[in-house]
Amino acid sequence: QVQLVESGGGLVQAGGSLRLSCAASGPIFTINAMGWYRRAPGSQRELVAIITTGTRTNYADSVKGRFTISRDNAKNTVFLQMNSLKPEDTADYYCNANGQLGGSRTRFDAWGQGTQVTVSS
């Protein structure tokens, strides 16, 4: 019911930047937290960054100081600004959102389809 659509992935050289976007749509009453996860080939999915409604953020140690997560609550959209990209940042990046549905107030936990980020050396 809740759909997340990501955009902004692509191919970039090491040291470059990319900006990912993720827009949530559907019968949303409220979104508590939105975040970005990634899965590199042969690895498990890991948290990259998360932001709460109150704009509290948390980052993986590997991206601190290079990535910035932000959100537009009015548009149910989350962004990930990625600077100083490294080849080890290469992965599929997935957006996640959790909150409550309108009407029933049932909790939801939704995932996007993923967007590929490739950083060449």
Side-chain angles (χ1 to χ4, degrees):
Q1 294 185 352
V2 175
Q3 290 188 324
L4 303 182
V5 178
E6 300 128 331
S7 61
L11 172 65
V12 65
Q13 288 188 332
S17 298
L18 284 174
R19 180 178 169 88
L20 304 183
S21 300
C22 171
S25 62
I28 298 169
F29 174 68
T30 187
I31 296 179
N32 297 326
M34 301 187 80
W36 290 95
Y37 293 75
R38 67 186 181 187
R39 181 165 57 211
S43 300
Q44 292 186 336
R45 186 174 61 194
E46 62 175 357
L47 172 69
V48 177
I50 191 168
I51 184 168
T52 66
T53 303
T55 68
R56 186 172 60 186
T57 60
N58 190 35
Y59 295 91
D61 288 342
S62 59
V63 306
K64 284 181 180 177
R66 300 188 297 122
F67 291 10
T68 303
I69 189 170
S70 60
R71 63 188 284 181
D72 183 336
N73 291 328
K75 297 182 178 180
N76 290 333
T77 300
V78 64
F79 307 95
L80 186 69
Q81 178 66 43
M82 304 185 294
N83 298 329
S84 302
L85 282 161
K86 304 176 181 180
E88 50 263 44
D89 294 318
T90 296
D92 290 326
Y93 284 70
Y94 297 88
C95 176
N96 172 262
N98 62 76
Q100 292 179 294
L101 298 175
S104 65
R105 301 294 192 264
T106 302
R107 293 185 178 184
F108 72 86
D109 185 60
W111 291 89
Q113 80 285 355
T115 185
Q116 189 173 50
V117 171
T118 302
V119 184
S120 63
S121 57

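Only this structure's heavy atoms are used, side chains among them; waters, hydrogens and symmetry mates stay out.
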Name every donor-acceptor pair, under 3.5 Å, that has one atom in a side chain of residues 109-121 and the other anywhere in the protein, sequence neighbours excluded.
{"unit_1": "D109", "atom_1": "OD1", "unit_2": "N96", "atom_2": "ND2", "d": "3.3"}
{"unit_1": "Q113", "atom_1": "NE2", "unit_2": "E6", "atom_2": "OE1", "d": "3.4"}
{"unit_1": "T115", "atom_1": "OG1", "unit_2": "G9", "atom_2": "N", "d": "3.3"}

One should read off an interatomic distance between Q1 CD and I28 CD1, to the nearest 0.5 angstrom, of 10.5 Å
Measure the shortest side-chain to side-chain distance between T68 and L80 over non-hydrogen atoms and say whether it is less than 4.5 angstrom. no
Got a sec, which pairs hit salt bridge (charged side-chain N to carboxylate O under 4.0 Å, His left out) with one end in residues 14-30, sequence neighbours left out? none
Do I69 and L85 land in one hydrophobic cluster if side-chain heavy atoms of ILVMFWY residues count as linked below 4.5 Å? yes
Keeping to residues at least two apart or across chains, list the disulfide (SG to SG under 2.5 Å) pairs with something in residues 29-114. C22-C95
I31 to A97 - nearest heavy-atom pair and separation: CG2-CB, 4.3 Å
Could you name each residue pair satisfying disulfide (SG to SG under 2.5 Å) that touches residues 37-89, not counting sequence neighbours? none
Could you tell me which residues satisfy side-chain hydrogen bond (donor to acceptor under 3.5 Å, both in side chains) with E88, sequence neighbours excluded, listed by chain and number? none
Check ion pair D61-K64 (N to O, under 4.0 angstrom): yes
Hydrophobic clustering (ILVMFWY, side-chain heavy atoms < 4.5 Å, transitive) - are W36 and V63 grouped together? yes
Which residue pairs satisfy the side chain to side chain donor-acceptor pair (under 3.5 Å) criterion with at least one member in residues 21-35, sequence neighbours excluded? none
Could you measure the distance from the OG1 atom of T55 to the CG atom of N73? Nearest 0.5 Å is fine. 8.5 Å
All pairs passing salt bridge (charged side-chain N to carboxylate O under 4.0 Å, His left out) where residues 68-85 contributes a residue, at least two apart: none
Qualifying residues under side-chain hydrogen bond (donor to acceptor under 3.5 Å, both in side chains), relative to Y59, sequence neighbours excluded: none
Would you give me the side-chain donor-acceptor pairs under 3.5 Å for residues 43-52, sequence neighbours excluded?
{"unit_1": "E46", "atom_1": "OE2", "unit_2": "R38", "atom_2": "NE", "d": "2.7"}
{"unit_1": "E46", "atom_1": "OE2", "unit_2": "R38", "atom_2": "NH2", "d": "3.2"}
{"unit_1": "T52", "atom_1": "OG1", "unit_2": "G54", "atom_2": "N", "d": "3.4"}
{"unit_1": "T52", "atom_1": "OG1", "unit_2": "R56", "atom_2": "N", "d": "3.1"}

Result block: side-chain N/O donor-acceptor pairs under 3.5 angstrom for residues 98-106, not counting sequence neighbours:
{"unit_1": "Q100", "atom_1": "NE2", "unit_2": "R105", "atom_2": "O", "d": "3.3"}
{"unit_1": "S104", "atom_1": "OG", "unit_2": "T106", "atom_2": "N", "d": "3.2"}
{"unit_1": "S104", "atom_1": "OG", "unit_2": "T106", "atom_2": "OG1", "d": "2.8"}

Show me the pairs that pass ring pair (Phe, Tyr, Trp, His ring centres under 6.0 Å) and involve residues 62-98, at least two apart or across chains. none
So do the side chains of S17 and Q81 get within less than 4.5 Å of each other, counting heavy atoms only? yes
Can you list the other members of the hydrophobic cluster that holds L11, where links are side-chain heavy atoms under 4.5 angstrom apart? none
